[in-house]
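Chain letters run A, B, ... following the sequence lines, proteins first and then strands; every chain starts at 1. From a predicted model like this one, the values you see are computed outputs, not experimental measurements.
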Amino acid sequence: VTPVPGHDEL
Amino acid sequence: MNIFRLAGDLFHLISIFILIHKMTTSKSCSGISFKSQALYLLVYVTRYLDLFWTFALYNSTMKIIFIGSSAYVLHLMTGPFKPTHDPNIDTFKVRYLIGGAAILALLFPYKWTPAEVLWTFSIWLESVAILPQLFMVQRTGAAETITTHYIFALGAYRALYIPNWIYRYLTSTFWDPLSIIAGVIQTVLYSDFFYIYYTKVLQGRKFELP
């Protein structure tokens, strides 16, 4: 699993 | 979106509602740490910079609510209700929290860009931003029931993000280690408070430290 720094959270 | 995250965000909204309700009905901000509130505004402003270049109806609306309500709370505390704030019991040294979060953000961001470093800073700072508030409760040895409801709701928000992260990891292999580590630390910092809240406030007794 690769990091997913999508920042789609609050 | 899943039920844990939605519930977490709702708890976050509820906590803000309780805080503003408490202050406007009692016309007082006694028992509330100005330092924690100022840290939260700093958290939201540094994390939600992406409002300028990303739009998603749910997230963007919430971000604006969090920044706006946080600024409003600070306005109440520095303006109308300033005389009810006692700086002598709000003495936590926040410079260590800001410094620690800044160092971690500079050392381990996902990318060395200003926005990413500030995002990481906000994640670490949020994990410890409640400490001045908890320190204040500890100093006074008791808290108004409504203040404890506020702290509980704010703690529940990040605690509920933990099952959200587990769910997202299992269903879509979403993995954001910085958020997860900081979120777990944040929840651990609340654990003492949660315990006393559960054993006292929920059983109808006053929040007093043993």
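At a heavy-atom cut-off of under 4.5 Å, chain A is reached by B/Arg47, B/Tyr48, B/Asp50 from residues 28-52 of chain B, listed in order of number. Heavy-atom proximity under 4.5 angstrom to chain A picks out B/Arg158, B/Tyr161, B/Asn164, B/Trp165 from residues 158-167 of chain B. The stretch residues 2-27 of chain B places B/Arg5, B/Asp9 near chain A, each with some heavy atom under 4.5 Å from a heavy atom of that chain.
Atom CG of B/Asp192 has 12 or fewer heavy atoms from other residues, nucleotides or ligands within 6.0 Å. Within 6.0 Å of the CZ atom in B/Phe194, the count of heavy atoms belonging to other residues, nucleotides or ligands exceeds 12. Residue B/Tyr198 places its OH atom among 12 or fewer non-hydrogen atoms of other residues, nucleotides or ligands, all under 6.0 Å distant.
B/Tyr190 pairs by the side-chain hydrogen bond (donor to acceptor under 3.5 Å, both in side chains) definition with nothing, not counting sequence neighbours.
For the atom pair CG (B/Asp176) and CD (A/Glu9), the distance works out to 6.5 Å, reported to the nearest 0.5 Å.
Ring pair A/His7/B/Trp119 is parallel by interplanar angle, where below 30° counts as parallel and above 60° as perpendicular.
You'll find the side chain of B/Arg168 reaches within 4.5 Å of the side chain of A/Asp8, heavy atoms only.
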